[in-house]
Amino acid sequence: MISTTSDISFLRFILLQLLVNIAKGASIFNVIEFGANPNGTTESTRPFLSAWASACASRVSSSIYVPEGRFLIGFAEFRGPCENSIRVQIDGTLVAPIDYNALGNSSYWLLFIQVNRITVVGGVIDANGAGFWACKTSGQNCTIGARSITFNWVNDGEISGLTSINSQLAHVVINSCNNVTVRNVNIVAPDLSPNTDGIHVQSSTNVTITNIIIKTGDDCISIGPGTRNLWMEKIQCGPGHGVSIGSLARDFIEDGVENVTLVNSNFSGSDNGLRIKTWARPSIGFVRNISYRNIVMNNVENPIIIDQNYCPNNQGCPLQSSGIKIDQVTYENIQGTSATQVAMAFDCSPTNPCVGIKLKDINLTYLDIKKAQSFCKNIGGTSGGVIVPDNCL
């Protein structure tokens with residue numbers, strides 16, 4: 001018989017803990033229990049979406065668990081808003097259909113949209129992009145292709161411990177997001193696979209990208225209009241096309257890029273290093289407050305480049321001048337070897353010259369028998385410390 005207030009309080013506490021534990025147990029949704037098959041050949045998109053629907057409706061924090069095995073997944077849209085935070089724990093491998101047409105013209109493979117507090121952890125995603133690349137390089141009439149994993153309109157999100165291979169297009173896309181972290185991610189595609197950007201960020205604020213290994217066929221990281229407060233650290237890039245701001249000035253009305261930092265990173269055998277690229281078109285856009293510090297280059301083409309006459313394959317070149325205003329870009333402690341004789345190239349707009357460019361402690365060498373060179377056009381700035389190649393500012 002319960003005779004004291006303390007006894008009643010204790011029992012209430014035990015009951016509350018029991019309910020919490022039950023709730024926690026019920027909030028783990030294993031995709032196998034929804035019908036997913038780990039044999040790699042049975043279509044499992046619907047079971048994944050069913051697991052998502054249950055997790056999204058949970059009023060307590062929930063987890064979607066993908067165990068070991070291979071799960072065949074078509075286009076999957078994981079849409080919010082959801083009742084509480086969700087963690088997607090992947091211990092297995094998600095594979096896209098070998099027939100690239102199966103993803104159609106959706107533009108996405110795995111899409112997380114309008115979700116807050118979402119974390120995707122671990123595992124491998126294999127988009128089987130080879131057939132799509134072959135179609136594109138042969139000049140056939142292909143589908144538009146799919147990005148492997150996309151965060152659209154996500155607040156407080158994270159992708160960690162993931163390996164993405166063979167994406168049809170970009171591997172990871174962060175679009176219109178706030179407070180997103182991408183860390184401890186490996187990205188792999190052949191060096192000739194077209195348009196396979198490693199990570200693309202645009203129209204997003206407060207994004208952190210750290211401890212990433214990227215070997216791909218396009219930009220290791222591409223930074224589009226509307227990106228603000230982007231921090232990148234411990235990036236290993238190559239093969240690939242470097243870390244690129246742009247291309248910008250596709251449109252006249254275009255958001256700017258500002259407060260972007262890349263530190264403590266390595267480039268090896270990449271087609272570019274630190275690149276800012278804009279079309280030679282009128283635009284109200286801008287690039288400002290950019291910082292590159294403590295970067296090592298190993299046999300990199302164009303280690304430092306600003307190109308305001310960007311026109312890939314010399315097709316459809318506007319032959320105008322870029323309206324993008326580039327201001328306050330700092331290069332500090334950039335060391336290593338260049339695969340091109342021009343190791344620093346600043347080809348800025350004649351109507352909007354680059355201003356506030358700062359060089360400090362640059363040492364980029366070419367071949368022993370030839371000296372590395374620099375090129376400057378329509379640029380102003382300052383320098384300090386040892387500058388190799390010769391400073392052209």
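Within 6.0 Å of CD on Glu68 lie no more than 12 heavy atoms contributed by other residues, nucleotides or ligands.
Side-chain contact between Leu103 and Thr143 is absent, with no heavy-atom pair separated by less than 4.5 Å. Using a 4.5 Å cut-off on side-chain heavy atoms (C-beta onward), Leu393 and Thr382 make no contact. Looking only at side-chain heavy atoms (C-beta outward), Asn166 and Pro190 come within less than 4.5 Å of each other. The closest side-chain heavy-atom distance from Ile32 to Phe71 is below 4.5 Å. The shortest distance between side-chain heavy atoms of Ile235 and Ile209 falls below 4.5 Å. Using a 4.5 Å cut-off on side-chain heavy atoms (C-beta onward), Ile306 and Cys354 make contact. At least one side-chain heavy atom of Leu359 sits under 4.5 Å from a side-chain heavy atom of Phe346. Side-chain contact between Thr337 and Asn298 is present, with at least one heavy-atom pair separated by less than 4.5 Å.
Between the side chain of Thr340 and the backbone N or O of Ser338, no donor-acceptor pair lies under 3.5 Å. One N or O on the side chain of Ser204 and one on the backbone of Ser176 form a donor-acceptor pair closer than 3.5 Å. Remark: the backbone N or O of Gly238 is not paired with any side-chain donor or acceptor of Ser270 at under 3.5 angstrom. Distance alone, capped at 3.5 Å, places no donor-acceptor pair between the Ser283 side chain and the Ala249 backbone. Although no hydrogens or angles enter the test, the distance criterion places a donor-acceptor pair under 3.5 Å between the side chain of Ser167 and the main chain of Ala170. Ser322 contributes a side-chain N or O that, together with a main-chain N or O of Ile324, makes up a donor-acceptor pair within less than 3.5 Å.
The distance from the CD1 atom of Ile125 to the OG atom of Ser148 is 5.0 Å, given to the nearest 0.5 Å. How far CG of Asp126 is from CD1 of Ile165: 3.5 Å, rounded to the nearest 0.5 Å. How far CD1 of Ile304 is from CG of Asn272: 12.0 Å, rounded to the nearest 0.5 Å. Remark: Asn302 CG to Asp307 CG distance equals 9.0 Å, nearest 0.5 Å. Taking CG of Leu94 as the reference point, atom CD1 of Ile73 lies at 5.5 Å (rounded to 0.5 Å). Of the inter-residue distances, the one linking Asn211 atom CG with Arg183 atom CZ reads 10.0 Å to the nearest 0.5 angstrom.
When all heavy atoms of Gly217 and His241 are compared, the pair lying nearest together is O-NE2, 3.3 Å. Ser265 and Glu233 get closest at one heavy-atom pair: OG-C, 4.1 Å. Contact detail for Val154 and Gly157: the closest heavy-atom pair is CG1-CA, 4.0 Å. In terms of heavy atoms, Ala146 sits closest to Trp109 at CB-N, 3.9 Å. Nearest approach of Pro389 to Ala372, heavy atoms of both residues: CB-O, 3.2 Å. Residues Val185 and Ser160 share a closest heavy-atom pair of CG2-CA, 4.4 Å.
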For Gln320 and Thr351, what are the C-alpha separation, side-chain angles and deciding distance, and is it a side-chain contact (heavy atoms from CB on, under 4.5 Å)?
-> CA-CA 10 Å; Gln320 303 175 63; Thr351 55; over 6 Å; no
Derivation and outcome, side-chain hydrogen bond (donor to acceptor under 3.5 Å, both in side chains), residues Arg293 and Ser291 = CA-CA 6 Å; Arg293 302 193 306 272; Ser291 179; 3.1 Å; yes
Go through Asp347 and Gln308 one step at a time and tell me if the side-chain hydrogen bond (donor to acceptor under 3.5 Å, both in side chains) criterion holds.
-> CA-CA 6 Å; Asp347 185 9; Gln308 293 209 263; over 6 Å; no
Show the numbers, then the answer: is there a side-chain contact (heavy atoms from CB on, under 4.5 Å) between Ile334 and Met297?
-> CA-CA 8 Å; Ile334 315 297; Met297 304 286 181; 4.2 Å; yes
Check step by step if side-chain contact (heavy atoms from CB on, under 4.5 Å) holds for Ile212 and Met232.
-> CA-CA 9 Å; Ile212 311 293; Met232 299 171 286; over 6 Å; no
Verdict with supporting geometry, Asn128 and Tyr100, side-chain contact (heavy atoms from CB on, under 4.5 Å) | CA-CA 8 Å; Asn128 277 318; Tyr100 62 88; over 6 Å; no
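Listed by first and then second residue, the ring pair (Phe, Tyr, Trp, His ring centres under 6.0 Å) pairs involving residues 369-393 amount to none (not counting sequence neighbours). For residues 79-90, the pairs satisfying side chain to side chain donor-acceptor pair (under 3.5 Å) are Ser61-Asn84, Ser61-Ser85, Glu77-Arg79, Arg79-Gln114, Arg87-Gln89, Gln89-Asp91, with sequence neighbours left out. The ring pair (Phe, Tyr, Trp, His ring centres under 6.0 Å) pairs that include a residue from residues 269-311 are Trp279-Tyr310, Tyr292-Tyr331, where partners are two or more places apart or lie in different chains.
The only option from Met344, Glu332, Gln335 that meets the side chain to side chain contact (heavy atoms under 4.5 Å, CB included) definition with Ile362 turns out to be Met344.
Every residue two or more places apart in sequence or in another chain that forms a salt bridge (Lys or Arg N to Asp or Glu O under 4.0 Å) with Arg228 is listed here: Glu258. Among residues two or more places apart in sequence or in another chain, the ring pair (Phe, Tyr, Trp, His ring centres under 6.0 Å) test is passed with Phe112 by Trp52, Phe78, Phe151. Scored by the ring pair (Phe, Tyr, Trp, His ring centres under 6.0 Å) test, Tyr108 finds no partners at all (sequence neighbours excluded). By the side chain to side chain donor-acceptor pair (under 3.5 Å) test, Ser193 pairs with Thr196, sequence neighbours left out. For Lys371, the salt bridge (Lys or Arg N to Asp or Glu O under 4.0 Å) partners at least two apart in sequence or on another chain are Asp390. Scanning for salt bridge (Lys or Arg N to Asp or Glu O under 4.0 Å) contacts around Asp99 gives an empty result, with sequence neighbours left out. Not a single side chain to side chain donor-acceptor pair (under 3.5 Å) links Thr365 to another residue, sequence neighbours left out. Evaluation of the side chain to side chain contact (heavy atoms under 4.5 Å, CB included) rule for Leu367 yields Ile369 as partners, not counting sequence neighbours.
No side-chain donor from either of Asn206 and Asn179 sits under 3.5 Å from a side-chain acceptor of the other. A donor-acceptor contact closer than 3.5 angstrom is absent between the side chains of Asn266 and Gln236.
Note on Val263: it does not cluster hydrophobically with Val260, by side-chain heavy-atom contacts below 4.5 Å among ILVMFWY residues. The hydrophobic cluster containing Leu162 also contains Val66, counting ILVMFWY residues as joined when their side-chain heavy atoms lie under 4.5 angstrom apart, directly or transitively. Neither Ile305 nor Val287 shares a network with the other; the hydrophobic side chains, linked directly or stepwise wherever heavy atoms of I, L, V, M, F, W or Y lie under 4.5 Å apart, form separate groups for each.
Taking Ile, Leu, Val, Met, Phe, Trp and Tyr as members and joining any whose side-chain heavy atoms lie under 4.5 Å apart, directly or through other members, Val355 forms no hydrophobic cluster with any other residue.
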